[in-house]
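Here is the naming used below: chain letters follow the sequence lines, and residue numbers restart at 1 for every chain. Note that these values count all heavy atoms, side chains included, but never hydrogens, waters or copies made by symmetry.
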Amino acid sequence: MSKKIVLIDGHSILNRAFFGIPDLTNGEGLHTNAVYGFLNILFRILEEEKPDYLTVAFDVHAPTFRHKMYEAYKGTRKPMAEELRQQVPVIKEVLQAMGVVIVEQEGYEADDILGTLAVQCEEEGLQVSLVSGDRDLLQLASERIKIRIPKTKRTGTEIEDYYAADVKEKYQVTPKEFIDVKALMGDTADNIPGVPGIGEKTATALIVSYGSIENAYAHVDEIKPPRAQNNLREHYEQAQMSKTLATIEVNAPIEYHLEEAALGDLFTPEAYVWLKKLEFKNMLSRFQVETPAVSMEQYFIEVTELSEAKQVFQEAGEAERIGFSLLADAEGAEPEGQMTLDSFLQNDREAAEKKAEGILGISLAFGKEKIFYLRAGEHMAGKWLVEQLLALLQKVKSAATFDLKSQLSWLSIPRELRNKISDVLISAYLINPLKSDYTYDDIAKEYLDLMIPSRIDLLGKLPLFQASLEKRKELFQYGAFLAAVPFQASEKLEQKLKDTGMQQLFWEIEMPLTYTLYEMEQEGVQVNGEALKSYGENLSEKIIELEREIYQEAGEEFNINSPKQLGVILFDKLKMPYGKKTKTGYSTAADVLEKLAGDYPLVSKILEYRQLTKLKSTYAEGLANYIEEDGRIRSTFHQTITATGRLSSAEPNLQNIPIRMELGRQIRKVFIPREGCVLIDADYSQIELRVLAHMSGDENLIGAYRKAQDIHRITASQVFHVPFEEVTSLQRRNAKAVNFGIVYGISSFGLSQDLSITKKEAAGYIESYFETYPGVKRFLDQLVKDAKEKGYVSTIFGRRRPVPELSSGNFMQRSFGERVAMNAPIQGTAADIIKIAMIRVNESLKDKGLRSRLILQVHDELLIEAWEEEMEQVEEILKQEMENAAVLSVQLEIDMKHGKDWYEAH
DNA sequence: TATATCACG
DNA sequence: ACGTACGTGATATAC
């Protein structure tokens, strides 16, 4: 059996993948779709062919795709899309990491390289598979050279294969003759002039009859359509020149050694790093399970003896900087059995001991070769380890960890130590807030160029406690990484924070906030479980009744919660006019159904049904599942999720408890204060608009805030040129929508949707808004302009949000980028401000010795559980700290209420 | 696991 | 002409 080689036309396949696969980006905002598609095609071909050799050819210069343009772009000479250009070096790096030979030669196109290699390999007796998106290469097909053209279809990639005979069958000419056909018909994309008036049909006919341009010219008198005859006669020289241009060089002087192209294992550690960086998760499964060898683990030392541990702590005490982490079993922290009020108020010593039970170990890193995991056990109590760690933190100059908030349950850090402890999770987030998750292995990869096993690699999905029994060695390594990575990466990260002007943001806002959030999470909020239950039961009754009516009016039973089935009933069976369509069928979204509700009572019932089932499943039942033994619900506040700097709340989300509709709002009555307390709710009044007024410096908008309470009314008055007192409620509503729109990165379309008016009318509103507040217009334009230059936007406090979409060639993506550039500084600054307020409110409560505590944050709103006797003081603190969290050119104002439940308080 | 929908700011 | 408001998280269904 002869050996086999696969040759790949790099740019052409990359280009095909780029246009065939929807845009993808990784967490860093790097476009990856073309690389992804390329690799998929590569893997597929290699699996099919199992070749002995592999080589990829690229053009040296690829500033435009003049040559290998895709049909839609034929002849346009557009510069290569930015998203694609970015990916050219990436695919080369990935291929190199896989050990694939890449051939590029100055002065020769990929075609010529491929032609030359194909012919050479054929002569040496190899089977050649030449993979390209470009039909020009068909001229190279022979009995041993197969041209493979992948086509990306919706059903997957199909590959057309052409040996010489297949070319003949499909195009009626041999591969050699194919050159002549192309030369006659010309190709604008390839700058081949051809012969005027001769297209594909005539060209093929001529070559079928005469075999070549030269022979056709020799019989030029016989040529049938007289027009073609004349044209060929007059443009014979041009035809010959076209033939030269269309012919792929097969004798280019290329330095190439077949042995080097021998196909080895593509799945190298380097390739793994790349694919992980690109976030091609499904491709990672192609790698051997064991993770690539690295050097870091070599230095890991597990310590179980007290005497050794003492030595480690002593040695660590001499270091300036350490990395540390505390590993504990999260379940161990859960209170066991019924928590009574008594046990709740018991002294914390017992609580601390209970907590200490969950501690599995502590890891420390203070040098390249000084990485330790101190395992708690018979010889070493968790409590002792924590004491030692705290004493160590006292001594060192600075310390770094990963995900501090998750450790604070066991490691209570005194205030005076806080200013030297940094969390690399938070710094990595500030540096790039676009990623969906931050893991220690990601941080090692990005900032240390180290490939280390992830938690999943080491422990799978085992809870830590179980891992401590079943996977001791892996747990030890996991722990060690959690100290080693922060130790090694923190300096680099902090330097980066300095370079990007986010040092203050990090140390004065984000790090202190971590402690505040932890305390809030611990407090939780009390919920009246019985009231919640009867709320749910009340909903159930209404739902059953509605369900019955809906089935009756629809004439059959179906799953109302299935948009698919609902679409069939409404739009196929009952022939209602459908509005939008989604990619899977009819849209049954609320805004579509609302347009039908007036004409069809059934639709109103469905809308109501949706509302009720939402309340029942997400809130009544959903929240009930989270009530703990002490009657409280504890949400997690995530500090590293949003792109803008806001917090997010999850498990359960307490930032989206209903309020807009009365029925939903009722659920707030189950959120209650503990005995002896009230809830105090304070929310900023239009904080984002005030931030906009300040940031834009628009005098009219600032003035509007200084003189009027009702900003929407004054906006309406100014925008619609009517006296303040005569503003109609419709005008006010419209002005309010415009105000919101401005903050979201206004578009006339979006506003028209919101107000159910035409795009033209919406555009009119926006125009008069900008006439009224020209400073706002200038400010927003400047934001977009700056963002395009710098690639990111910033808040007043220096928080950055990268906006990679602005460099997109895609109109939709770019427009999105523009809106983001307008919105993020405003939303982000508001987020910064309330974070400052939270820290100060929390500190102030404690400084003043009050027992009242912050329990929730809802973006522009803080909720405090306040002891009745402290109410006045707490209200004073809230007002002071919130309104003075930032000094803007307009006053920050809050609305504040208190009550015996959240319904009353807000 | 992805999609559609809907709750909040 | 392109087809949208910005930022989240939870649920149910369908694949």
Remember a base hit wins even if backbone is also touched, and classify [X] as base, sugar-phosphate or nothing at under 4.0 Å, heavy atoms.
| X | result |
| --- | --- |
| Ala830(A) | nothing |
| Val820(A) | sugar-phosphate |
| Ser648(A) | sugar-phosphate |
| Thr613(A) | nothing |
| Ala737(A) | base |
| Arg814(A) | nothing |
| Phe740(A) | nothing |

Tell me yes or no: between the side chains of [X] and [Y], is some donor less than 3.5 Å from an acceptor?
| X | Y | answer |
| --- | --- | --- |
| Ser685(A) | Arg690(A) | yes |
| Glu805(A) | Ser808(A) | no |
| Gln666(A) | Lys669(A) | yes |
| Thr439(A) | Ser454(A) | no |

(request) Sort by first number and list every stem of DNA chain C: at least 3 consecutive Watson-Crick or G-U wobble pairs, both distances under 3.5 Å. (result) B:1-9 with C:6-14
Validation: residues 890-897 of chain A side-chain donor-acceptor distances under 3.5 Å, sequence neighbours left out:
none

(message) Strictly below 4.0 Å, N to O, side chains only: are Glu545(A) and Arg548(A) in salt-bridge contact?
(response) yes
(message) If the threshold is 4.0 Å, N to carboxylate O, is there a salt bridge linking Arg799(A) and Glu510(A)?
(response) yes
For residues 585-597 of chain A, run the donor-acceptor check on the side chains, cut-off 3.5 Å, and write out each pair with its distance to 0.1 Å, sequence neighbours left out.
residue: Tyr586(A); atom: OH; partner: Asp572(A); partner atom: OD1; Å: 2.6
residue: Ser587(A); atom: OG; partner: Ala589(A); partner atom: N; Å: 3.3
residue: Thr588(A); atom: OG1; partner: Arg610(A); partner atom: NH2; Å: 2.7
residue: Asp591(A); atom: OD2; partner: Lys580(A); partner atom: NZ; Å: 3.2

(request) Spell out protein contact along nucleotides 1-9 of chain B as letters: B when the base is contacted, S when just the sugar-phosphate is, - when no protein heavy atom is under 4.0 Å; keep the 5' to 3' order. (result) ---SSBBBB
(message) So, using side chain to side chain contact (heavy atoms under 4.5 Å, CB included) as the criterion, who are the partners of Thr516(A) when residues are at least two apart?
(response) Leu513(A), Met838(A), Ile839(A), Asn842(A), Leu854(A)
(message) I want to confirm an ordering. Mapping Gln565(A) and Glu651(A) to their closest nucleotides on DNA chain C, which one lands closer to the 5' end?
(response) Glu651(A)
(request) Can you tell me, in whole Å, how much space there is between the C1' of dC6(B) and that of dA1(C)? (result) 32 Å
(request) Determine the minimum heavy-atom distance between Ala837(A) and Tyr684(A), stating which atoms define it. (result) CB-OH, 3.6 Å
(request) Anything under 4.0 Å to a heavy atom of chain A counts; send over the first and last such nucleotide of DNA chain C, read 5' to 3'. (result) dC2(C) to dC15(C)
(request) In sequence, state the C-alpha distance, the side-chain angles, and the governing distance for Tyr773(A) and Tyr769(A), and then conclude on ring pair (Phe, Tyr, Trp, His ring centres under 6.0 Å). (result) CA-CA 6 Å; Tyr773(A) 306 115; Tyr769(A) 182 94; 4.8 Å; yes
